[in-house]
Structures are given as structure tokens and as C-alpha cells.
Amino acid sequence: MSESLVIIGSGPAGLTAAIYAARGGLAPVVLEGLQAGGQLMLTTDVENFPGFPDGILGPELMDLLRRQAERFGARLLPGDVSRADFSSRPFLVEANGSEEYLADAVIIATGAEARWLGIPGEERLRGYGVSACATCDGFFFKERRVAVVGGGDSAMEEALFLTRFASEVVVVHRRHEFRASAIMARRVLDHPKILVRWNAVPVEVLGEQAVTGLRLRDTITGAEEDLQVDGIFVAIGHEPVTGLFRGQLEMDHLGYLITKESSMTSVPGVFAAGDVADATYRQAVTAAGTGCRAAIDAERWLEAQE
Ligand code: NAP
């Protein structure tokens, strides 16, 4: 199928790009990816998206964006991109291993995915007590003791959410100061069900069939101790989803797409928006903003080609 614009990804960046491009008459195709709606589908309250003074649930916000994009003629398809070829125009984007789309322009808004610790036991026990999503799995830890690893906003959010179920939440952080915003850090520090283990890094996930504990190493003394927990929630940040574009588009050493002064990647006609090209801000609202920018850039670029 030949399209003017294919948008890869359906988080705030992809859907905002879709709203703008659709209103611009481009009838974009949005390949939604495995996790339609992106990371906000895995979160609960979003308190800092402008326009929602009482907050809004992540999935609800994404549903609104989706409806807004469809209202103007964006076509949202449940496709996971399996291959992309940007070596010649029109560009080729393949979804689900077989469906091929030819596109005059492409916006990449594939976002980021959870980073893992890479310690023994972690991968083996994923789904058996090891998780990166409290909203998905927190329910299974009623009256249990769980650990959350990390010191950023995600870790704070996970820890606070888990207090709804767990008897105790231990936040394990490798330094003595949180990276998280002051308001989130304060909520965690003040919570009666949350304990913070400062200056500790996980070295092994313990358990045969399911998690029974987490081995920690003190970053100051080097001493090791076993923390008895039934669940471990890893919240140590995210990595950009750019594997498919390696070798075709310029990236930085962490794999984030490099854009020039506009949202254009190193290949003219291929644009980037949202977390996939943003190692710094990574907010829903900045993703939406760059989605808008990419759609306008793509529209202007397409016009200039005619
Ligand atoms: P982040 O801000 O990069 O924080 C990652 C945390 O994990 C840091 O505290 C880091 O420690 C720790 N860490 C990283 N690698 C580690 C390792 N191998 N072992 C142990 N600890 C490790 O990531 P994030 O919390 O996912 O947040 C990402 C962005 O989304 C941020 O801009 C954040 O503000 C935003 N966000 C906002 C909200 C909200 O506003 N409600 C919610 C979630 C996320 P160090 O501090 O020592 O580096």
C-alpha cells in the first residue's frame, strides 16, 4: 500500500503527530506497535499533563488522543513494525512480518522500553516475581513484601502504587539521594509503608520457582545482604526502541535517534518524535509537543518535494 505518511508508534508523540497530520489532510497510517498507547497504558494517574487539573488515568488520556486522531481521518492499525528500509524512496515499512507499506515520509515515535538490571536470576524469574510494571502486576502482591529498584520518578510512582497492595515496599537506591522530583520523593519518604534502602545495588535475584529475595551490595562498605521479598519491581529507566533502525539512522551512544535542527533524522523524509529521540525530558507533554513538530515538519517536507 502506498501512503503519504506512516507513523510508527501510538504513544503521545505518535498520536499527536497523527492528529496534526490528519488535520493537514495527509490521512496518516499509524502502526500502533505491540503496546498500543505506549508507556502511559502502564501507568495510573497522570497529574502533570496540562489541561487536567484533577489528573487523568494514563489509559484514559491515550483513549482521548486516539479518538481525536481518528476523528480527523488517521488510520490506526494494530501493526508491530518488523522491518524498515529507508535506503530509497518511497520508504518501506513492514508490519507483522508481512504487511508492506510504502511511505513518502515516516515519523518514528517508537518510544522507549524498560531497562533491566542484567543480574543473575532476573530474566529467569521475570513473570515469577520480577516485573517492570506495578500497574500490571502489583495486584499479585497483596500483603506481601516487595522491593522497587531505582531512584527516579518511575520508581517513586511504582512504590506508591504498590502500597495499595503490599504490606511493605522497600525502595532500593544506589545513592543517598533520589533523582526523582521533590514532590514524588517526599511522598515516598513520608509514606508509612515504604522503607528506603540507600546506597545499595542488587547483585542477584534469589528464588527457584519464584522470587524469594534480592541480594544487595552496599555501595559504601561492599557488604552483601539478602532482602526477603516476594516481588521485585525494576524501575531504573528506559531505553529507546531503535533496534530496527540501527545502521540506517544516526543515533547517539545510547541508541537515541539524532535529529537536526528540526525533527528530521539523518535521512531526509524520516522524522522522529517523543522518547525515541529524547534522552532528557521524556514527559508525555514533551512527547506530544515533538509529535506536533514532526507532523508539521513532515507536511512541509512533503510539500517541498512536489
Ligand atoms: P530516570 O529518571 O533515568 O531514573 C532512573 C533511576 O534508576 C535513577 O535513580 C538511577 O540511579 C537508577 N538506576 C539506573 N540504572 C541503574 C542500575 N543499573 N542499578 C541501579 N539503579 C539504577 O528514569 P525514570 O524514573 O524511568 O524516569 C524517566 C523520565 O520520566 C524522567 O524524566 C521522569 O521525570 C519521567 N517520569 C515522570 C513521572 C511523573 O512525573 N509522574 C513518572 C515517571 C517518569 P541514579 O539516580 O543514581 O542515576
Side-chain angles (χ1 to χ4, degrees), residues 11-13 35 37-62 111-123 130-136 138 147-162 170-189 191 194 196-205 214-220 224 227 232-241 252-256 274-290:
Q35 172 74 58
Q39 290 179 61
L40 284 188
M41 298 301 284
L42 306 177
T43 187
T44 50
D45 296 317
V46 179
E47 293 182 333
N48 50 12
F49 200 89
F52 299 93
D54 302 319
I56 181 167
L57 292 173
E60 208 178 316
L61 176 60
M62 295 323 296
E113 63 190 2
R115 181 184 295 151
W116 296 94
L117 290 160
I119 56 173
E122 179 185 51
E123 198 176 337
V130 175
S131 168
C133 176
T135 11
C136 317
V148 172
V149 183
D153 280 323
S154 298
M156 305 299 107
E157 209 170 62
E158 298 279 271
L160 290 163
F161 182 75
L162 286 164
V170 184
V171 174
V172 176
H173 184 39
R174 62 184 178 184
R175 294 186 291 130
H176 194 92
E177 190 188 15
F178 285 139
R179 176 179 295 277
S181 55
I183 184 170
M184 298 290 281
R186 185 40 56 203
R187 281 183 201 164
V188 162
L189 293 169
H191 202 290
I194 302 179
V196 182
R197 176 66 172 88
W198 301 107
N199 302 318
V201 284
V203 289
E204 186 177 351
V205 175
L214 182 62
R215 182 158 298 159
L216 301 177
R217 188 175 59 235
D218 192 293
T219 55
I220 295 169
E224 291 196 355
L227 190 69
I232 297 164
F233 289 82
V234 179
I236 59 167
H238 293 83
E239 281 169 1
V241 181
D252 69 11
H253 67 290
L254 295 171
Y256 287 91
D275 286 9
V276 75
D278 173 15
T280 310
Y281 303 104
R282 298 174 293 175
Q283 304 296 306
V285 67
T286 49
T290 53

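Counting convention: from 1, in listed order, for ligands and their atoms alike.
Closest to atom 3 (O) of ligand 1 by heavy atom, among Arg282, Met184, Glu177, is Arg282. Closest to atom 5 (C) of ligand 1 by heavy atom, among Val171, Ile236, Val201, Ile183, is Ile236. Between the choices Pro202, Ala235, Ser154, Gly152, the shortest heavy-atom distance to atom 24 (P) of ligand 1 belongs to Ser154.
Listed by atom number, the atoms of ligand 1 under 4.0 Å from Gly151 heavy atoms are 6 (C), 7 (O), 8 (C), 9 (O). Atoms of ligand 1 lying under 4.0 Å from at least one heavy atom of Leu117, given by number and element, are 19 (N).
Among protein heavy atoms, atom 17 (C) of ligand 1 sits closest to Arg174 NH1, 3.5 Å. Of all protein heavy atoms, the one lying nearest to atom 37 (C) of ligand 1 is Asp153 CB, 3.6 Å. Among all non-hydrogen protein atoms, the one lying nearest atom 46 (O) of ligand 1 is Arg175 NH2, 2.8 Å. Given atom 41 (N) of ligand 1, the protein heavy atom at minimum distance is Glu157 OE2, 3.2 Å.
Using a 4.0 Å cut-off between heavy atoms, Glu47 makes no contact with ligand 1 at all. Contacts between Phe178 and ligand 1, counted as non-hydrogen atom pairs separated by less than 4.0 Å, are absent for every part of the residue. Residue-level proximity to ligand 1 for Asn48 is carried by the side chain, the only part with a heavy atom below 4.0 angstrom.
Residues satisfying the ring-ring contact (aromatic ring centres under 6.0 Å, His included) criterion with His176, sequence neighbours excluded, are Trp198.
Interatomic distance, CD1 of Ile232 versus CD1 of Ile119, reported as 7.0 Å (0.5 Å rounding).
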